[in-house]
2 protein chains.
Amino acid sequence: MNTAPAILVVDDPDARARLLDAIRFDDRGLVPCIAQQHDTGEVLMMAWMTREAADETLATGRVCYFSRSRGGLWRKGESSGQVQRLVDLRVDCDGDTLLALVDQTGVACHTGRHNCFFQALRDGEVVPIAEPLVSPEELYGR
Amino acid sequence: MNTAPAILVVDDPDARARLLDAIRFDDRGLVPCIAQQHDTGEVLMMAWMTREAADETLATGRVCYFSRSRGGLWRKGESSGQVQRLVDLRVDCDGDTLLALVDQTGVACHTGRHNCFFQALRDGEVVPIAEPLVSPEELYGR
């Protein structure tokens, strides 16, 4: 995680449009996007993008989702500083899911854990299998 | 990929229900599930589960999705033989996405590629960045 990867920034709007045209957004105009740490393979989170969010992601090299709860663009890390730089953006076989290879600054999860997938069964009980690395107050209390 | 991982089979229906109760299915009764090869970290595919599909997955240790196009349970590999054995099933922070760590037999993608995320921009064009390892005819023509 200490490597400095090449960040994908696509300046050409026509090139961005070619990738965006390969995406089948759902009837709400959304597509799920999985964020994976590019070098470790850790699956960090899943969130949603609109065409506008995916376009901004490609144009800036910083991952921008669409917040369904807030109803607007969600520039990952704009509140917490925990940004995701884009290394590659891949579209799946039928165009309805994205995989973003990213370089995560800090932690991906709003709970302060490095990734969001920390609830699992152990001995028949649902338990957290990872601990917060930073408190939510530190992330959002500034 | 040559290790023989412990397969997660949850015999106790109450334990399964505890994990299922941590999942927030959407208004269609669906939750997205990311499948990741447990040892290499490769993100293989994303598909959807109903509560019934997730329960069967936990009960059998073989991944079962819900096919939105067919409107029924989709026991991964039942046509192609390319099954996914379950190593762990994780629920994300807000309960609306699953991460299945699996042991994939053969290839995950119906195109014969090892994973589904093979479309990406290279030199401004959308190109396949992986080739099929097996033909769809071999997978489904039996």
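Naming convention: chains lettered A, B, ... in sequence-line order (proteins, then strands); numbering from 1 in each chain. Any value given below was found using the heavy atoms of this structure, including those in side chains, with hydrogens, waters and symmetry copies removed.
The candidate with the highest count of non-hydrogen atom pairs below 4.5 Å against chain B, out of A/I34, A/T111, A/D12, is A/I34. Interface summary for chain A: among B/A22, B/A120, B/C93, B/C109, the most heavy-atom pairs under 4.5 angstrom belong to B/C93.
A/L30 and A/L20 are not part of a single hydrophobic cluster, where members link through side-chain heavy atoms under 4.5 Å apart. Linking Ile, Leu, Val, Met, Phe, Trp and Tyr residues whenever their side-chain heavy atoms come within less than 4.5 Å places A/L58 and A/F25 in a single cluster. Side-chain heavy atoms closer than 4.5 Å link hydrophobic residues (I, L, V, M, F, W, Y) into clusters, and following such links, even through other members, never connects B/M49 to A/W48. One hydrophobic cluster, built from ILVMFWY side chains closer than 4.5 Å, cannot hold both B/Y65 and B/V83; they sit in different ones. Following chains of ILVMFWY side-chain contacts shorter than 4.5 Å, one can reach B/V126 starting from A/I23, so the two form part of one hydrophobic cluster.
Nearest heavy atom pair, residue A/P32 against residue B/M46, reads CG-CE, 3.4 Å. Of all non-hydrogen atoms in A/Q36 and B/G41, the two that sit nearest each other are NE2-O, 2.9 Å. Contact detail for B/A15 and A/L121: the closest heavy-atom pair is O-CD2, 3.6 Å.
Taking 4.0 Å as the cut-off between side-chain N and carboxylate O, B/R113 and A/D92 do not count as a salt-bridged pair. Under the 4.0 Å criterion applied to side-chain N and carboxylate O atoms, A/R68 and B/D96 are assigned as salt-bridge partners.
Just one residue in the list A/L101, A/L89, A/L98, A/T97 forms a side-chain contact (heavy atoms from CB on, under 4.5 Å) with B/F117, and that residue is A/T97.
The part of A/D88 that comes within reach of chain B is its side chain, from C-beta onward, which places non-hydrogen atoms under 4.5 angstrom from that chain. For A/V43, the parts sitting under 4.5 Å from any heavy atom of chain B are the backbone and the side chain alike.
Crowding of A/R51 atom CZ: a count of heavy atoms from other residues, nucleotides or ligands under 6.0 Å exceeding 12.
Between the CZ atom in B/R122 and the CG atom in A/L19 there is a gap of 10.0 Å [rounded to 0.5 Å]. Remark: A/L99 CG to B/Q119 CD distance equals 12.5 Å, nearest 0.5 Å.
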